[in-house]
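Structure, as structure tokens:
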Amino acid sequence: MVMEEGGLRDRGRGTPATVDSEPRQILVELGEQNLDAICLSTYRTACKLRFIQKRCNLHLIDIYNVIEAVRDAGLNAVELHAGISVTRLENLVSSLFNQLSKRLPTTHTIDPRESAILLVEFLLAAVDSEPDSRLTVLSVKAMLATLCGGKLLDKLRYVFSQVSDSSGVLVQSKFDSFLREALKLPSAVHEGPSFGYTHTSARSCFHQQKRVMLNMFLDIVADPPQCLVWLPLMHRMANVEHVYHPVSCSYCRGNAMTGFRYRCLRCRGYQLCQNCFWRGNASGSHSNQHQMKEHSSWKSSASKLGRALSRTLGCVSSREPPHPIYPEEPERTLNLSNLSVTCVVVFLIHICVYKGHTGVSDLFLSLLKEHWSNSACSRFVRSCDARPASADPCVFHSHREILAEIKRLRVEHDAACQATTNPTLLAELRLLRQRKDELEQRMSSLQQSRRELMVQLEGLMKLLKAQAAGSSHASPSRPSPSSVRSVGAASPPAHMYPPQDSLAGVGGDVQEAFAQGPRRNLRNDLLVAADSITNTVSSLVKELHSDTTKSNVELSLWS
């Protein structure tokens, strides 16, 4: 991106940035806000930096977006005290706002180019606020991390990762350099006399602590040092910009307050809005020397009473921790700088097999570039395409064997797919499926016939039982049907059953079937016929089941 406003020019890598003859546009706009009327220097500094933050749209960018932009610009692997050119800073800021414009909804649009120009102007003005200063990686990281939006706790964790060693202990010299760069921001808005850098600033943050760990460093949130007292105040101001207090100001008589609300601890019922308090306005018996309490939210009398009772009963803790407790030991990151080409090739083979090709994956190369240099990545790609002279022959021989095995399996799979598409086999499969359907239909019809025969047989048996019951009443000496069943097929004497009684109550078809010949035992004959029908139907069903099973086996084999 080429800067057109403010007279910015690239003065080379790491050269000092000098103030141009024309004033910075963003500083001119800052002077028009009349923020110098604020009496308290802490609030004045926080208000000025908050205006810069919102004017450049940095309040829409959190620390994680800054970390991503720094990594994409390649500054994460550069020494902190290394100088960078203005052109590289412009590219970094431009990518930051271009990504922001993509994330914002359509109802909220910004001008990425204008925001980038204003931010670069202010950063260069901050660098120029001290004589003989130069634009370094640390200055860019420190100022962007301080001015961006998001949570203060996340910012401090990122700052600690930049100024600590591998064991998670604060390095005093790095922290002193960070303070020097961060305190250039108050100096850029003409608040250097109150919050400028001094040689004792770093020592005043942690007075008697020899080993400063992460949790101790994060205590700045609750008890900031004097040189950084404006930093948590700027974040509190961002949180209360839209907080509404339904009370009137005792000085300006406003019906409601927005933002901070200040209550006098000496004058009963005396409350001021943030504009009146910041400018030192007072009325009546109230004096600016009275102690005031800052309120960032509105609570009714009932809620105050309920919270007081809860604290008294021990339901709510009276003191909450200022921040979560993090483990002291830093998380160990994977070190891929000493990773051998052998391990990478084996891992790349798995990726190629998964993706279905033997080329180098772009995603994998992007991961490698974060840990390897461009020359190392180029050597890696050449080693994947062809065998270098200095490579291990066993590794690449195994590589070729694996690729050959993959190719062979693919050929076999393609041949099997072609075999299953043979027209002759498909025709035979269709015939077998038709035969199977016919057998199933025949079996279902036979089962229906069997059910009908069983119903008829049951009706005949009921008629025989009724006939046997009537005969037993007429002739007590007549044997019961159970005794007849026990005898089986043996024929009793002919004189025991009169012929007219043996066919009484039975249909005409049965009478014709049994009318010829000498006297017979009709009950036994019907039982024998029923057993014969049952055996015949059972054998037929078994045969159908065997044919169906054989057809299913043949279909499964062909499939």
Exercise. Using ring pair (Phe, Tyr, Trp, His ring centres under 6.0 Å) as the criterion, list what pairs up with Phe97, not counting sequence neighbours.
Key: none

Quiz item: Should Met443 and Leu439 be marked as a side chain to side chain contact (heavy atoms under 4.5 Å, CB included) after you check the CA-CA gap, both sets of side-chain angles, and the distance that decides it?
Solution: CA-CA 6 Å; Met443 186 177 68; Leu439 291 175; over 6 Å; no

Practice problem: Given side chain to side chain contact (heavy atoms under 4.5 Å, CB included), test Gln99 with Glu68 step by step and report yes or no. | Solution: CA-CA 10 Å; Gln99 293 298 324; Glu68 181 181 1; 5.7 Å; no

Quiz item: Could you state the interatomic distance from CE (Met213) to OG (Ser167), rounded to the nearest 0.5 Å?
Solution: 6.5 Å

Quiz item: Just how far is it from atom CG of Leu214 to atom CG of Leu218, taken to the nearest 0.5 Å?
Solution: 4.5 Å

Quiz item: If you look at every heavy atom in Lys141 and Val70, which pair is closest and at what distance?
Solution: CE-CG1, 3.7 Å

Quiz item: Quick one: CG on Leu231 to CG on Leu156, what's the gap to the nearest 0.5 Å?
Solution: 6.5 Å

Quiz item: Given Lys155 and His235, is the side chain to side chain contact (heavy atoms under 4.5 Å, CB included) satisfied, shown in steps?
Solution: CA-CA 11 Å; Lys155 293 183 181 182; His235 287 79; 2.9 Å; yes

Quiz prompt | side chain to side chain contact (heavy atoms under 4.5 Å, CB included) evaluation trace for Leu460 with Gln456 | solution = CA-CA 6 Å; Leu460 291 174; Gln456 294 177 4; 5.6 Å; no

Practice problem: Report yes or no: does Ser94 contribute a side-chain atom to a donor-acceptor pair with the main-chain N or O of Asn91 at less than 3.5 Å? | Solution: no

Quiz item: Can you find a heavy atom in the side chain of Thr109 that is under 4.5 Å from one in the side chain of Leu104?
Solution: no

Practice problem: Of all the heavy-atom pairs spanning Leu92 and Ala69, show the shortest one and how long it is. | Solution: CD1-O, 3.4 Å

Mind listing the side-chain donor-acceptor pairs of residues 54-64 below 3.5 Å, one per line with the distance, residues two or more places apart or on another chain?
unit_1, atom_1, unit_2, atom_2, d
Arg55, NE, Glu29, OE1, 2.6
Arg55, NH2, Glu29, OE2, 3.3
Arg55, NH2, Glu114, OE2, 3.1
Asn57, ND2, Ser115, OG, 2.8
Asp62, OD1, Tyr64, N, 3.4
Asp62, OD1, Asn65, N, 3.0

Exercise. Please report the closest heavy-atom contact between Tyr262 and Cys273, naming both atoms and the distance.
Key: CD1-O, 4.2 Å

Self-check item: Minimum-distance pair of heavy atoms, taken over all atoms of Arg261 and Met257
Solution: CG-SD, 3.6 Å

Exercise. Decide yes or no for Met237 and Glu241: does some side-chain heavy atom of the first lie under 4.5 Å from some side-chain heavy atom of the second?
Key: no

Self-check item: Close side-chain approach of Arg451 to Met454, heavy-atom, < 4.5 Å
Solution: no

Quiz item: Can you check whether Val455 reaches Glu452 side chain to side chain, under 4.5 Å on heavy atoms?
Solution: no

Exercise. Say whether, by atom type as modelled, one donor and one acceptor occur between the side chain of His245 and the main chain of Gly259 under 3.5 angstrom.
Key: yes

Self-check item: Distance, nearest 0.5 Å, that separates NZ of Lys436 from CG of Leu429
Solution: 12.0 Å

Practice problem: Examine the side chains of Gln447 and Arg450 and answer whether a donor and an acceptor come within less than 3.5 Å of each other. | Solution: no

Exercise. Could you walk me through whether Arg408 and Glu412 pass the salt bridge (Lys or Arg N to Asp or Glu O under 4.0 Å) test, one step at a time?
Key: CA-CA 6 Å; Arg408 185 184 64 81; Glu412 292 181 357; 2.5 Å; yes

Exercise. Decide yes or no for Val159 and Thr146: does some side-chain heavy atom of the first lie under 4.5 Å from some side-chain heavy atom of the second?
Key: no

Quiz prompt | OH-OG distance between Tyr244 and Ser297, expressed to the nearest 0.5 angstrom | solution = 15.0 Å

Exercise. State the CG-CG distance between Leu152 and Leu233, to the nearest 0.5 angstrom.
Key: 11.5 Å

Exercise. Write down the atom of Asn76, the atom of Arg71, and the distance for their closest heavy-atom approach.
Key: ND2-CG, 3.6 Å

Quiz item: Is it true that a side-chain atom of Gln53 and a backbone atom of Cys148 form a donor plus acceptor pair closer than 3.5 Å?
Solution: yes

Quiz item: At their closest point, which heavy atom of Val169 faces which heavy atom of Phe160, and how far apart are they?
Solution: C-CZ, 4.4 Å

